[in-house]
Q: 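Have a look at this one before I ask anything.
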Amino acid sequence: MFALVDCNNFYASCERAFNPALEKKPVVVLSNNDGCIIARSNEAKKLGIPMGAPYYQWRQRCEDNQVQVYSSNYALYADMSQRVMTILRSFCPHMEVYSIDEAFLVIDQFTENDVIAYANDIRNTIKTHTGLPVSIGISTTKTLAKIANHIAKKHTSAGVYDLRSITSQEKVLPHFPIGDVWGIGRQLKKKLEPFRIHTAKDLRDADLKLLRKNFSVVVEKIIRELRNVSCIPLEAIQPRKQIISSRSFGKTVTSLNDLEEAVSTYTSIACLKLRNQKSHARGIHVFLQTNTFKKNDPQYAMGASCMLPIPTAHTNDMIRIAKKCLREIFKPGFKYHKAGIMLLDISPQTIRQHDMFLSDNQKKETLTDTIDQINQKLGKNTLFYCAEGIEKSWQIKTCLRSPRYTTRWDELVVV
DNA sequence: TCTGGGGTCCTAGGACCC
DNA sequence: TCTGGGGTCCTAGGACCC
């Protein structure tokens, strides 16, 4: 038996948890650079504000309706997520953190009635300890638990829905749109329609062989999961296979110097993530681009990679080759809008192929460890590489960000 | 004026091996 | 006239997720 616990309107709810004045009011949270709307409270959804819409197109509507608008505050959301996950783990250690606001639990030890009480206990505990509302969907497979969660969120006031029985499945699946099924996106929806598949029930009852011939194994798994056959197992937390760091700039960037600072900063962010998961990487890919929305501006987008002889997790090693890549692709005269980096060929630090002709550099290890420890103790970026820049004029503006209530001593909530 | 930032998995095709 | 059968690895592109 799977339960999917999903926080309602997560980012918007985090803002509300520390600011009760937002209760019952429409709230939206914006993406980096205050570009797009990426979270909405129920009140904001009712105003017709769509997910992912560019903010500038909806700004007037927001102002007219006194919508409370926030820049994203990832320090806060990440910390709140950890609190929720810690509570969930205390209920059920057999769990998979699926995203910042969702987790699957495997709960096999319960009888029919107990499980509802158990789910309610989880909801109440999370609400009491964090202030965040969650919904819980329960069923026999992950795909069905996802559907149950949708129902819990939209059609019940209880916040818990049990979709294990055939009776409940017969009631729900005929009305559940195919595009809302986990794993069916826009393209698959379009391709399934000629097969007269419009609802979750249509897909469940479809001819498996016919669909397998026309679609990938992904679709076959979804069909089987809808038939109560579990094909997508609970997964343990794995180290990332790919680490990306990229941002749009706060202003148009034209100089190589600004790009170098930005790319060095992103490299530093990514390398810290890399070390935190005890991995190292053998290379880096650097990319930059102009603003693709500005059709009249000359466009340029390019990337370049560079590999090291042996993997590293040291920021200084990586910044050095990142800059080398950047200089290869930089062309003067363009108005740059975004740059980023991707770490390549990530592997665990325990697996290490030494270079016969290079000696280990113990000093470098000590340096990196010390920097990390100081930053851990005294706050992010207490020490940083000068290559990252000091003024960082290219950096994003987040003028609507709420305080980092839970991770900064100087931004604690005042009661 | 103004349009985010991460991730994963699958498949096909090419290059190579014996 | 006629040209096998079985593998692996890598990459790009596409689809999906939050």
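Chain letters run A, B, ... following the sequence lines, proteins first and then strands; every chain starts at 1.
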Q: Specify the separation, in whole Å, of atom CD1 of A:Ile232 and atom P of B:dC10.
A: 10 Å

Q: Give A:Asn32 one of three labels, base, sugar-phosphate or nothing, depending on what nucleic acid heavy atoms sit under 4.0 Å from its own.
A: sugar-phosphate

Q: Have A:Gln376 and A:Asp372 got a donor and an acceptor in their side chains that come within less than 3.5 Å?
A: no

Q: Would you mind reading off the distance between A:Gln238 atom CD and B:dT8 atom C1', rounded to a whole angstrom?
A: 12 Å

Q: For the side chain of A:Ser248, starting at C-beta, report the closest nucleotide among B:dC2, B:dG5, B:dG7.
A: B:dG5

Q: What I'd like to find out is whether the side chain of A:Asp180 reaches to under 4.5 Å of the side chain of A:Ile147, using heavy atoms alone.
A: no

Q: If I take atom CH2 in residue A:Trp58 and atom C1' in nucleotide B:dT1, what distance separates them, rounded to the nearest angstrom?
A: 20 Å

Q: Under a 3.5 Å cut-off on both pairing distances, which runs of 3 or more consecutive Watson-Crick or G-U pairs involve DNA chain B?
A: B:5-18 with C:5-18

Q: Using whole Å, report how far CD1 of A:Ile396 lies from C1' of B:dG5.
A: 10 Å

Q: Among B:dC2, B:dG4, B:dC9, which is the nearest nucleotide to the side chain of A:Tyr56?
A: B:dC2

Q: Evaluate the ring planes of A:Tyr300 and A:Phe334, with Trp represented by its six-membered ring, and classify them as parallel (under 30°), tilted (30 to 60°) or perpendicular (over 60°).
A: parallel

Q: Using OP1 and OP2 only, check whether a side-chain N or O of A:Lys294 sits under 4.0 Å from B:dC2.
A: yes

Q: Would you give a per-nucleotide map of nucleotides 11-18 of chain C, 5' to 3', where B means the base has a protein non-hydrogen atom under 4.0 Å away, S means only the sugar-phosphate does, and - means neither?
A: ----SSSS

Q: Can you identify which nucleotide, out of B:dC10, B:dC2, B:dG5, has its nearest atom closest to the A:Lys221 side chain?
A: B:dC10

Q: What is the distance from CG of A:Asp34 to P of B:dG5, rounded to the nearest Å?
A: 11 Å

Q: So, is A:Arg247 close to the B:dG6 phosphate, meaning a side-chain N or O under 4.0 Å from OP1 or OP2?
A: yes

Q: Quick one: does NZ or CZ of A:Lys191 land under 6.0 Å from the six-membered ring centre of A:Phe215, within 45 degrees of the ring axis?
A: no

Q: Between A:Ser216 and A:Arg240, which has a closest nucleotide on DNA chain B that is more 5'?
A: A:Arg240

Q: To the nearest Å, how far apart are A:Asn33 CG and B:dT3 P?
A: 7 Å

Q: Once the angle between the rings of A:Tyr118 and A:Phe91 is folded into 0 to 90°, is it parallel (under 30°), tilted (30 to 60°) or perpendicular (over 60°)?
A: perpendicular

Q: Would you classify A:Thr292 as touching base, sugar-phosphate or nothing, given that sugar-phosphate means primed atoms plus P, OP1 and OP2, and contacts are heavy atoms under 4.0 Å?
A: nothing

Q: Return yes when atom NZ of A:Lys45 has more than 12 non-hydrogen atoms of other residues, nucleotides or ligands closer than 6.0 Å, and no otherwise.
A: yes

Q: Is it the case that A:Thr315 and A:Arg275 place a side-chain donor and acceptor less than 3.5 Å from each other?
A: yes

Q: At 4.0 Å (heavy atoms only), tell me whether A:Ile243 reaches a base, stays on the sugar-phosphate, or touches nothing.
A: sugar-phosphate

Q: Figure out the CD/P separation between A:Gln277 and B:dG7, and round it to whole Å.
A: 9 Å

Q: For the rings on A:Trp182 and A:Phe2, is their centre-to-centre separation under 6.0 Å?
A: no

Q: Which residue, A:Thr252 or A:Val217, contacts DNA chain B at a nucleotide closer to its 5' end, judged by nearest heavy atom?
A: A:Thr252

Q: With the threshold set at 4.0 Å, does a side-chain nitrogen-carboxylate oxygen contact exist between A:Lys153 and A:Glu102?
A: no

Q: A:Tyr55 has an atom OH; how far is it from atom P of B:dG4, in whole Å?
A: 15 Å

Q: May I have the list of side-chain donor-acceptor pairs in residues 75-84 of chain A shorter than 3.5 Å, sequence neighbours left out?
A:
unit_1  : atom_1 : unit_2   : atom_2 : d
A:Tyr77 : OH     : A:Glu15  : OE2    : 2.6
A:Tyr77 : OH     : A:Asn73  : N      : 3.4
A:Asp79 : OD2    : A:Arg83  : NE     : 3.0
A:Asp79 : OD2    : A:Arg83  : NH2    : 3.0
A:Asp79 : OD2    : A:Thr406 : OG1    : 2.6
A:Ser81 : OG     : A:Ile100 : O      : 2.6

